[in-house]
Amino acid sequence: MIALIAGLATGAIYALIAIGYNITLTSSGVLNFAFANTLVFGGFVALTATAAGLPLPLTLLISAVVCAVVSALVERGAIRFMPAGSHAELITTLGAATVLTALTAIIWGSDPQRLVLFEQQPFELLGFRVSPIDLILIALPIVFGVAMHLLLNHTRFGLNSRAQAFDREATTLRGVNVRWLSLSAFAIAGIFAGLVGPLVLVSTSASPYLALSLALKGFVVLALGGLGSQVGAIIAGFIIGLIESMVALFVGPFFGDYAVFIVFVLVLLFRSRGLFGNKNLRLV
């Protein structure tokens, strides 16, 4: 039971990263590899806020605002001035991710730190001791995944964003401000990163270099769930988390990562669209 809860909580973190990827992917056609780094940056902002004695709601608000600004700067610096059709976004967002990690290490140091947002008193669940943060993490991708699905599929902003991600020129000709849509998508992803980042770092060590592992495994979840599918990201995240946890438990702690990337290779070989991917989705 403990391994099951731990696997679901770990998978929830990976699902959150994949959801963040999907926000900009389906809204602006860009896979923002700096999302995990923005999330970790938000966690460190929360670390400073809690050290100053700020209450949890204000801490999360500050983290969300800072990450929204950071994410918007990534869009302005790494995306806005790229030539259309150059497909250079993958390289430029990776560059932005590297800069964010370096900046985090410079400001807060490279040593892992402990982030405490609230008192955690384990409680009994079916005869086992469970930590509240694990249950919170398990709920987060479900809540935010559904919210982002509704935003992107059932609002004018979402439909316009999806249209410009599919065909930027045609959307522009219809009078839609695609630059504003792209910037807004990155800002929304930043707000999301700022809200969940502190909670993710509560369950792990707050290290500037945590983003690399999260980014890679979040991408595995994105591939398994299917590009653009928030539901797929949630389900795939839990699947990957359970696989990693069970392999680590029954085979060895060093084999969990290997199992994750074996799954990734199998997905690429046998179902490259993922579980719920849309074969018509294009990466602009």
Below 3.5 Å, can you tabulate the donor-acceptor pairs from side chains in residues 209-219 to any protein atom, sequence neighbours excluded?
from, atom 1, to, atom 2, distance (Å)
Lys217, NZ, Tyr14, OH, 3.3
Lys217, NZ, Glu244, OE2, 2.8
Lys217, NZ, Asp257, OD1, 2.4

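Take Val146 and apply the side chain to side chain contact (heavy atoms under 4.5 Å, CB included) test, not counting sequence neighbours, and it matches Leu150.
Between Ala12 and Phe238, the shortest heavy-atom distance links the atoms CB-CE2, 3.8 Å. Annotation for Gln113 and Phe44: closest pair NE2-CE2, 3.9 Å, computed over non-hydrogen atoms.
Between the CG atom in Leu195 and the CG atom in Leu61 there is a gap of 8.5 Å [rounded to 0.5 Å]. For the atom pair Leu137 CG and Leu8 CG, the distance stands at 11.0 Å (nearest 0.5 Å). Atom OG of Ser245 is separated from atom CZ of Phe250 by 9.0 Å, given to the nearest 0.5 angstrom.
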- Message: Determine whether Phe35 and Ile23 satisfy the following criterion, side-chain contact (heavy atoms from CB on, under 4.5 Å), listing intermediate values before the conclusion.
- Response: CA-CA 10 Å; Phe35 175 78; Ile23 293 172; 5.6 Å; no
- Message: As a quick check of understanding, evaluate side-chain contact (heavy atoms from CB on, under 4.5 Å) for Phe264 and Ile240, giving each step before the final call.
- Response: CA-CA 10 Å; Phe264 180 51; Ile240 291 296; over 6 Å; no
- Please assess Val74 against Phe33 for the test side-chain contact (heavy atoms from CB on, under 4.5 Å), listing each intermediate value before the final yes or no. CA-CA 10 Å; Val74 170; Phe33 279 111; over 6 Å; no
- With side-chain contact (heavy atoms from CB on, under 4.5 Å) as the test, would you mind laying out the steps for Thr93 and Leu31 before giving the verdict? CA-CA 8 Å; Thr93 55; Leu31 184 57; over 6 Å; no
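A distance-only check finds a donor-acceptor pair linking the side chain of Thr24 to the backbone of Val30 [under 3.5 Å].
Residue-environment remark: OH (Tyr258) stays at or below the threshold of 12 foreign heavy atoms within 6.0 Å.
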